[in-house]
Amino acid sequence: MWSKKTFGLIGMALGAAWFVANVRHFAEQGFVAIGMPIILFILGVIYFRKGSAEEN
């Protein structure tokens, strides 16, 4: 089973990649285009930090 730290890194990577892919649509769709990727990235950061705290 993967740790929370690993899932956090995956979430941050996917959120960042999705964000970069959707930035070009920002002018047309506004925050709808980048809202979900930002949420995914933030959840990845939270999981990464929780995984770091559990290892100590």
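Note that the numbering runs from 1 along the sequence shown for the chain.
Note that NZ of K5 is 4.5 Å distant from CZ of F48, once rounded to the nearest 0.5 Å.
Hydrophobic cluster membership is shared by F31 and I42, with clusters built from Ile, Leu, Val, Met, Phe, Trp and Tyr side chains linked at under 4.5 angstrom. Hydrophobic clustering (side-chain heavy atoms under 4.5 Å, transitive across Ile, Leu, Val, Met, Phe, Trp, Tyr) keeps M36 apart from V32.
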Only distances under 3.5 Å count here; give the side-chain donor-acceptor pairs of residues 6-27 to other protein atoms, sequence neighbours excluded, each with its distance to 0.1 Å.
residue: T6; atom: OG1; partner: S3; partner atom: OG; Å: 3.2
residue: N22; atom: ND2; partner: A33; partner atom: O; Å: 2.9

